[in-house]
Amino acid sequence: MKCRVCRGPAVIDVRRHNANFCAEHFVKLCRDQVAKAISEFNMLQPDDRVLIAVSGGKDSLALCDILDHLGYRVEGFYISLGIGEYSKESRGYVERFASQRDLPLIIDDLPIDYGFDIPHGSRAAKRAPCSACGLSKRHLFDEAARKGGYDVVATGHNLDDEAAVLMGNTLHWHTEYLGRQAPVLPAHDGFPKKVKPLVRLTERDTAAYCLLRNIDYMVEECPMAAGNRHLFYKSALNDIEVSSPGAKHSFYFGFLQRAAQHFADAAGQEMPAIRACSQCGAPCSSETCAFCRLVDRATAPVPIRMKPSRSSTKVKT
Ligand code: Q46
Ligand code: ZN
Ligand code: ZN
């Protein structure tokens, strides 16, 4: 197995490119793919201040490494979600990465700052854990970008993530979501610009990139992801990819080039008027934003059910 570029010994095959690469040229390939996505979708300007949402996993840490290498001004933002050992360990990976590389890091702590964690708070608010988690993360990313004056928020969503979301939205014809599924969401109404520079890389690519760059990342997935439909779609797409290399790429990029525009109207029509949340001031479409409502419900005191004692149930005669 020889590297396509230098003909030296290859360490990885990339079937969708029908090629093998040595360590040096695989790392270069990953960086080139990110630079290509940034330029193709006009994601970043050279002097942008970029806030990267970091989780401690391979994608977000690879993203920090690559954007830093490409010369962007990056800072990390981590949210501790209060998901037991998973949150403790992932925070450790992020803090070690940041201190080794002098990456400025902001940390929000859901239990300390807002009084609830995802497992208990989502139950109290009667929401699925990933729904409460996603809502919290979106709100806190937006708020951190707004308050810190960042030009753009970058997330580590990769090709596997985006193709799986596309598959779910297509299977159920969620046209308004299809209209908004893009690697760049422009800033609007007080919401920051959001970009996904890893859309040309797969999970396998980012894992190999971290290995070759000596980036120590959290391998365990969040325990709350078990049974998630998103994982099921990823696995189905991986099965398709085995017999049809490049299928994921052409599914996602074919959609962006040939179909996304057809759904843009559906997304636009459903955009409500934006105002400021009466509690936190965040832009939102109702009196109070969804995050403040979640906090209220997740931290509401739980009524204690008292068993009636024998004496109180006695009927006086
Ligand atoms: S962290 Fe949060 Fe994910 Fe865990 S609770 Fe679900 S959404 S699975 S990316
Ligand atoms: Zn090579
Ligand atoms: Zn609010």
Side-chain angles (χ1 to χ4, degrees), residues 1-14 17 19-32 53-60 78-91 93-94 108 110 113-114 116-123 125 127-143 146-147 155-158 160-162 164-165 190-191 196 203 212 218 220-232 234 274-299:
M1 205 162 90
K2 286 185 177 164
C3 171
R4 179 167 80 179
V5 183
C6 67
R7 309 309 294 165
V11 296
I12 188 165
D13 65 314
V14 183
H17 291 301
N20 308 314
F21 296 91
C22 70
E24 180 193 339
H25 289 117
F26 178 75
V27 165
K28 183 173 183 310
L29 173 82
C30 291
R31 290 169 174 167
D32 289 350
V54 284
S55 66
K58 58 190 180 315
D59 301 310
S60 57
Y78 173 81
I79 304 170
S80 185
L81 300 163
I83 307 178
E85 283 305 305
Y86 168 76
S87 287
K88 280 185 205 146
E89 281 187 37
S90 59
R91 182 173 180 154
Y93 281 97
V94 169
D108 269 10
L110 216 47
D113 301 335
Y114 296 94
F116 73 99
D117 59 37
I118 292 300
H120 296 97
S122 59
R123 213 174 305 135
R127 286 185 83 127
C130 290
S131 154
C133 181
L135 163 61
S136 304
K137 288 197 278 195
R138 281 191 300 277
H139 177 90
L140 296 174
F141 293 156
D142 292 351
E143 188 182 70
R146 208 171 46 248
K147 291 188 174 165
T155 57
H157 295 95
N158 56 40
D160 300 61
D161 295 317
E162 294 307 291
V165 170
F191 293 100
K196 300 169 182 172
E203 281 188 0
L212 295 171
M218 173 103 175
E220 290 77 29
E221 297 284 346
C222 170
M224 318 227 80
N228 193 318
R229 254 185 299 173
H230 186 70
L231 293 184
F232 173 71
K234 269 190 185 176
I274 299 297
R275 53 190 288 183
C277 168
S278 60
Q279 289 188 34
C280 72
C284 68
S285 55
S286 50
E287 165 78 19
T288 312
C289 78
F291 180 70
C292 285
R293 279 182 272 136
L294 171 67
V295 175
D296 289 346
R297 291 169 67 187
T299 56

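All values derive from a computational prediction rather than experimental measurement. Both counts, for ligands and for their atoms, begin at 1 and track the order of listing. Numbering of residues begins at 1 and proceeds along the displayed sequence.
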By number and element, which atoms of ligand 1 are closer than 4.0 Å to a non-hydrogen atom of [X]?
{"X": "A225", "answer": "8 (S)"}
{"X": "C130", "answer": "5 (S), 6 (Fe), 7 (S), 8 (S)"}
{"X": "C133", "answer": "1 (S), 2 (Fe), 5 (S), 7 (S)"}

| field | SG (C289) to the Zn ion (ligand 3) to SG (C292) angle, given to the nearest 10 degrees | value |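 Seen from the Zn ion (ligand 3), SG and SG are separated by roughly 110°.
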| Angle subtended at the Zn ion (ligand 3) by SG of C277 and SG of C280, to 10 degrees? |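 Angle SG(C277)-the Zn ion (ligand 3)-SG(C280): 110°, rounded to 10°.
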Side-chain donor-acceptor pair under 3.5 Å between [X] and [Y], yes or no?
{"X": "D117", "Y": "H120", "result": "yes"}
{"X": "Y93", "Y": "S55", "result": "no"}
{"X": "D13", "Y": "N20", "result": "no"}

| request: State, to the nearest 10 degrees, the angle whose vertex is the Zn ion (ligand 2) and whose arms point to ND1 of H25 and SG of C22. | output: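 An angle of 100° at the metal.
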| field | Proximity to ligand 1 by part of K137, non-hydrogen separation under 4.0 Å | value | side chain
| request: Using a cut-off of strictly less than 2.8 Å, determine whether H139 has an N/O/S atom near the Zn ion (ligand 3). | output: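 H139 does not place any N, O or S atom closer than 2.8 Å to the Zn ion (ligand 3).
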| Nearest protein heavy atom with distance in Å, relative to atom 4 (Fe) of ligand 1 | C222 SG, 2.3 Å
| So, do F116 and S122 sit near enough that their side-chain heavy atoms are less than 4.5 Å apart? |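 SC-SC contact between F116 and S122 ruled out.
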| request: Identify the two heavy atoms, one from D59 and one from G156, that lie closest to each other, and give their separation to 0.1 Å. | output: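 Taking D59 first and G156 second, the nearest heavy atoms are CB-O, 3.2 Å.
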| message | For a quick test of reading the model, state the closest non-hydrogen atom pair linking T288 to S278 and the distance between them. | response | OG1-OG, 3.6 Å
| field | Intermediate values then yes/no, salt bridge (Lys or Arg N to Asp or Glu O under 4.0 Å), D32 and K28 | value | CA-CA 6 Å; D32 289 350; K28 183 173 183 310; 2.8 Å; yes
